[in-house]
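Worksheet for the structure shown next.
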Amino acid sequence: MVQITLPDGSVRPFERPPSGAEIAAAIGPGLAKAALAIRVDGKIKDLATVIERDAKIAIVTPKDKDGLDLIRHDAAHVMAEAVKELFPETQVTIGPVIENGFYYDFARPTPFVPEDIEKIEARMHEIVKRDEPLKREVWQRDKAVGFFDSIGEKYKAELIHSFPAGEDISLYRQGEFIDLCRGPHLPSTGKLGHAFKLMKLAGAYWRGDSRNEMLQRIYGTAWADEKQLKAYLTMLEEAEKRDHRRLGREMGLFHLQDIAPGAVFWHPKGWTLYRTALEYMRRRLEGAGYVEVNTPQLLDRSLWEASGHWEKFRQAMFTSEAEEKVLAIKPMNCPCHVQIFRQGITSYRQLPIRMAEFGACHRNEPSGALHGLMRVRAFTQDDAHIFCTEAQIPEETKAFCDLLMGVYRDFGFTDVVVKFSDRPALRAGADETWDKAEKALKDATQAAGLETILNPGEGAFYGPKLEFVLRDTIGREWQCGTLQVDFVLPERLDANYVGEDGNKHRPVMLHRAILGSFERFIGILIEHYAGKLPLWLAPEQAVVATITDKAAGYAKTVAAALKEAGIRTVLDLRNEKIDYKIREHSVAKLPLILVVGAREAEEKSVALRRLGGKAQEILALGDAVARLKEEAAGPRSGAA
RNA sequence: GCCGGCGUAGCUCAGGGGUAGAGCAACGCAUUCGUAAUGCGUGGGUCAGGGGUUCAAAUCCCUUCGCCGGCACCA
């Protein structure tokens with residue numbers, strides 16, 4: 001007698017040890033049909049698993065997150081089976097579940113071409129129709145290695161070699177195809193259903209190492225039903241519509257050009273947006289007790305040798321020559337800031353010094369990494385270095401976290417994940433120093449009311465760091481802010497201050513940024529808002545559009561009044577129908593349209609229409625200006 | 001950097017050995033209009049760059065550059 005406890009707490013006795021499928025059938029025929037796997041005391045197993053003793057179980061269906069993962073995992077296996085049938089010379093390697101789908105990496109002498117993908121997908125649907133049962137088999141390790149070697153699957157054999165010795169190996173058989181896999185799996189290929197689609201073809205290195213051979217990866221997406229699949233595909237289309245590269249062009253913000261890979265040509269509107277963000281940051285930093293500096297672009301090689309960049313980051317640095325000297329274009333501002341710190345003698349009374357620079361940096365990013373504004377070679381950071389004593393780390397960190405969260409809020413981001421990266425295996429500095437630095441960072445984030453996720457061993461070699469990740473409207477994550485504790489650079493570049501005791505001491509440097517690079521952050525803003533920027537950031541905030549020439553004189557008065565109030569205003573006096581003008585300015589995502597015709601000119605009013613809205617609001621000119629001035633001024637928090 | 005795809009007018013794209021095309025945009029003329037596209041007309045090209053095959057190349061081949069999707073990288 002086996003007692004099976006169901007999720008609702010009820011207990012069912014079975015005469016003989018039942019399989020998962022039998023339990024599902026005992027509960028009901030609907031569930032039996034939907035059943036994909038069984039959860040036994042919290043662990044997912046094949047539906048065929050026989051439950052030998054009393055247990056708490058749950059039947060896994062496509063509605064579970066786990067069930068969906070099973071579907072995706074099986075989709076990968078079915079794809080591998082399809083590939084083996086169509087292209088028998090191909091070797092299979094690994095095929096995991098990923099967010100929204102799955103992939104499988106294949107090894108073959110010639111890469112797949114896009115038409116192959118269609119054939120593979122069609123074959124997958126056939127395999128689902130065949131409804132092949134999946135059977136788990138447990139093999140001895142040596143036998144498994146021998147088997148995979150014998151059928152020419154050397155990657156699988158290599159995988160088994162990397163598994164712990166003495167462990168039995170599980171294989172799953174479906175039709176003619178047999179694959180190394182931990183499982184669990186669906187009972188048969190028919191359970192996969194047809195809500196999947198192969199998405200893209202890509203190269204990927206074996207075991208993620210660029211020294212290894214490149215495999216052919218096929219990505220796919222898979223869902224519990226057609227409706228979910230369609231929703232996902234629609235979401236991808238929506239994401240494409242908010243692509244900052246497309247919107248940047250459509251809205252006339254910037255362009256990129258072959259003659260300057262990884263560098264941005266900012267057009268007037270884009271530059272206005274950039275400046276608005278920069279001036280906002282400048283105001284916030286001033287309010288938070290920072291001083292702003294500006295340092296050279298080209299610096300002698302000797303500085304970079306001293307800082308350690310020449311040794312570690314040479315390949316990412318652009319260099320130039322002048323009179324037989326090698327100069328490097330700065331990839332970072334920090335060594336320059338230490339130079340300013342070193343001028344004259346600094347007293348402990350002056351610390352902390354918060355030194356900010358909107359410094360233009362260049363990094364020679366690999367060509368394949370470049371991506372619109374998100375990954376560029378020339379960029380400007382909202383960079384600052386806080387020179388302080390060890391004792392000041394907690395309060396400076398707390399103050400920084402507060403400032404950062406306020407800034408994100410003002411830009412419209414409230415969902416922020418904080419990652420805490422602690423000491424890496426290879427590091428500089430004594431363990432006691434690390435203890436102090438890590439504790440200080442952690443305490444300070446707590447004091448600032450922030451939860452952190454541990455990122456073990458991912459700190460910089462010179463100190464622990466915090467990383468601030470924003471989540472945008474459609475759920476994507478962007479790492480923007482950072483705070484790094486650095487004991488090394490002050491040492492290498494010989495920065496000192498005179499302490500209370502009259503002796504020389506090393507300051508600690510906190511490297512910190514909130515937006516990261518302006519280029520990238522503006523890209524994120526564009527995508528977050530799908531181009532519909534909040535009023536205070538919009539490059540053109542208002543347009544005054546006339547209905548007839550008769551209102552032109554008055555329209556000029558209205559535009560002048562708005563400009564006088566500091567609102568970025570354009571005037572549209574063109575001889576076009578008002579429908580045309582409204583459509584054009586709406587497509588351009590201009591937040592405020594003020595329509596004026598004979599009636600408004602007569603009454604000294606405006607008809608205000610907001611982007612996306614249908615209704616118009618008739619306001620007296622003076623009221624409109626006063627109200628819009630207030631709205632367009634932007635966030636007030638922390639303003640200096 | 002690596003694998004695959006792509007590069008034709010400002011944008012979106014058709015054309016695939018024999019005179020370079022469309023829509024939108026731009027420009028001109030007419031229209032003076034009440035909340036998401038008025039009509040007619042005009043101009044616009046090193047078919048990414050270089051080399052080759054051919055009587056003839058946007059088209060076929062080689063190569064360089066750039067872009068796109070991944071991978072690796074992201075100090």
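Quick note: numbers below take in every heavy atom, side chains included, and nothing from hydrogens, waters or symmetry partners. Every chain is numbered from 1, with letters handed out A, B, ... down the list of sequences.
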> Where the side chain of A:V595 is concerned, which of B:A36, B:U35, B:G66 is the nearest nucleotide?
Replying inline: B:U35
> What does nucleotides 6-15 of chain B look like as a protein-contact string, B for base, S for sugar-phosphate only, - for none, at under 4.0 angstrom between heavy atoms?
Replying inline: -----SS---
> How does each nucleotide of nucleotides 69-75 of chain B score, in 5' to 3' order, for protein heavy atoms under 4.0 Å: base (B), sugar-phosphate only (S), or none (-)?
Replying inline: BBBBBBB
> Taking CG from A:L594 and P from B:G34, how many angstroms apart are they, rounded to a whole number?
Replying inline: 19 Å
> Atom CZ of A:R574 to atom C1' of B:G28: distance rounded to whole Å?
Replying inline: 16 Å
> Is there a donor-acceptor contact under 3.5 Å linking the side chains of A:T295 and A:E357?
Replying inline: yes
> Closest nucleotide of RNA chain B for A:I259 versus for A:D549: which of these residues is on the 5' side?
Replying inline: A:D549
What I want to find out is whether [X] reaches [Y] closely enough, with some N-O distance under 4.0 Å, to be called a salt bridge.
X: A:R506; Y: A:D494; value: yes
X: A:D209; Y: A:R207; value: no
X: A:E603; Y: A:R599; value: no

>> For a quick test of reading the model: is some side-chain N or O of A:S367 closer than 4.0 Å to OP1 or OP2 of B:G1?
In response: yes
> Parallel, tilted or perpendicular for A:Y232 and A:W223, by the 30°/60° rule?
Replying inline: tilted
>> Say we look at B:C13 and B:C47: how far apart would their C1' atoms be, to the nearest angstrom?
In response: 13 Å
> With a distance cut-off below 6.0 Å to the six-membered ring centre and an angular limit of 45° from the axis, does A:R301 pair with A:W304 as a cation-pi contact?
Replying inline: no
Please list each protein N or O that sits under 3.5 Å from an N or O in nucleotides 37-42 of chain B, with the distance.
| unit_1 | atom_1 | unit_2 | atom_2 | d |
| --- | --- | --- | --- | --- |
| B:A37 | N9 | A:R583 | NE | 3.4 |
| B:A37 | N7 | A:R583 | NE | 3.0 |
| B:A37 | N7 | A:R583 | NH1 | 3.4 |
| B:A37 | N7 | A:R583 | NH2 | 3.3 |
| B:A37 | N6 | A:R583 | NH2 | 2.3 |
| B:A37 | N1 | A:R583 | NH2 | 3.3 |

> Under a 3.5 Å cut-off for both distances, is B:C67 Watson-Crick or wobble paired, and to whom?
Replying inline: B:G5
>> For A:E99, is the CD atom crowded, meaning more than 12 foreign heavy atoms sit under 6.0 Å from it?
In response: no
